[in-house]
Amino acid sequence: MDKDRKLIIAGNWKMNKTVAEALDLVKGLKRDLSQVKEVDIVVCPPYTALSDVSREIIDSNLRLGAQNMSEQSVGAYTGEIAAEFLKEFLVRYVILGHSERRQYQEESDALISQKAATAHAASLKPIICVGEKLEDREADRTQAVVEGQLTGSLAGLNADQMLETIIAYEPVWAIGTGKTASSDQAQEVHAFIRSKLEQLFDASVAKQVRIQYGGSVKPANARELMSQPDVDGALVGGASLDVRNFSDIVTNSI
Ligand code: PGA
């Protein structure tokens with residue numbers, strides 16, 4: 001595929017996989033994807049599997065991501081995980097503001113922007129999630145919602161930090177539902193996000209930032225989605241839990 005931006009495909013395992021299951025999964029991915037150079041491939045296990053998965057993939061082309069982290073650096077924050085702890089396991093990416101956290105943990109754009117600043121301070125690359133709910137789309141509010149999320153969650157980032165940030169567009173109605181946005185619907189919002197990045201930063205930043213699509217990505221729809229001019233990868237939930245499905249998504253995207 002002929003894009004200047006390198007594709008980035010990340011598996012968001014959510015609250016799935018014991019350590020033993022996680023190791024089985026990454027061993028399979030290592031076997032199936034060892035030759036892939038065209039795509040940055042990222043796995044995001046739960047915290048409890050980071051250490052073992054990190055050791056397993058150390059000499060491979062797979063990279064490690066976390067699903068969340070604290071906006072605080074260290075201290076009296078019971079149950080929280082600091083960016084520095086993630087670094088100990090060679091974590092390079094961190095998903096921030098996933099819609100499930102926005103919904104169940106009531107994470108706000110302001111909190112997500114603090115987390116993004118903390119991630120950059122630790123040289124972790126944030127994958128910042130945005131996306132509208134079904135009622136927003138039906139009321140023609142998709143762009144307004146996505147614009148609000150972008151403006152709020154990217155507030156305070158400078159251009160250099162933005163270049164090390166990934167955006168994931170995940171329409172909430174397409175997550176775990178089997179309903180994928182059509183490639184046209186995805187492209188339309190991705191192009192809109194890129195135009196907002198140009199306004200918030202500049203044209204050069206907007207051109208370089210990678211924007212992933214997420215929401216029921218499967219081997220069967222990956223190629224079509226990835227062929228859109230502003231779709232630069234995928235954030236994959238359900239289909240990332242299976243070696244064959246995730247490997248096929250990566251190889252079908254090239
Ligand atoms: P899904 O999840 O692929 O299961 O729809 C995507 C996500 O939540 O990142």
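All values below were derived from every heavy atom in this structure, side-chain atoms included, with hydrogens, water molecules and symmetry-related copies excluded. First listed ligand is number 1; within each ligand, the first listed atom is number 1.
Two residues are said to be in side-chain contact when any heavy atoms from C-beta on lie closer than 4.5 Å; Lys218 and Ser216 meet this criterion. You'll find the side chain of Gln228 stays beyond 4.5 Å of the side chain of Tyr213, heavy atoms only. Looking at Met162 and Leu154, their side chains come closer than 4.5 Å, going by heavy atoms from C-beta outward. Counting heavy atoms from C-beta on, the side chains of Leu64 and Leu90 never come closer than 4.5 Å. Within the 4.5 Å cutoff, side-chain heavy atoms of Phe246 are placed close to those of Val236.
Each of the following atoms of ligand 1 lies closer than 4.0 Å to a heavy atom of Glu170: 6 (C), 7 (C), 8 (O), 9 (O). Contact atoms of ligand 1 toward Gly238: 1 (P), 3 (O), 4 (O) (distance under 4.0 Å to a heavy atom of the residue). Less than 4.0 angstrom separates some heavy atom of His98 from each of these atoms of ligand 1: 7 (C), 8 (O), 9 (O). Every atom of ligand 1 with a heavy atom of Ser216 under 4.0 Å away is listed here by number and element: 1 (P), 3 (O), 5 (O). Those atoms of ligand 1 that come under 4.0 Å of a heavy atom in Gly176, given as number and element, are 1 (P), 4 (O), 5 (O). Within the listing of ligand 1, atoms 9 (O) sit less than 4.0 angstrom from a heavy atom of Asn12.
A side chain to side chain contact (heavy atoms under 4.5 Å, CB included) with Pro219 is found for exactly one of Asp242, Val250, Asn252, namely Asn252. Of the residues listed (Arg63, Lys125, Arg210), the one engaging Asp40 in a salt bridge (Lys or Arg N to Asp or Glu O under 4.0 Å) is Arg210, and it is the only one.
With values rounded to the nearest 0.5 angstrom, Glu107 atom CD is found 11.0 Å from Ser99 atom OG.
The N/O atoms of Thr177, backbone and side chain alike, include none that comes under 3.5 Å of an N/O atom in ligand 1.
Every heavy atom of Ala239 sits 4.0 Å or more from the atoms of ligand 1. For the pair Ala174 and ligand 1, a heavy-atom separation below 4.0 Å is found. Put simply, part of Gly215 is less than 4.0 Å from ligand 1, judged by heavy atoms.
Atom 3 (O) of ligand 1 has as its closest protein heavy atom Gly237 N, 2.8 Å.
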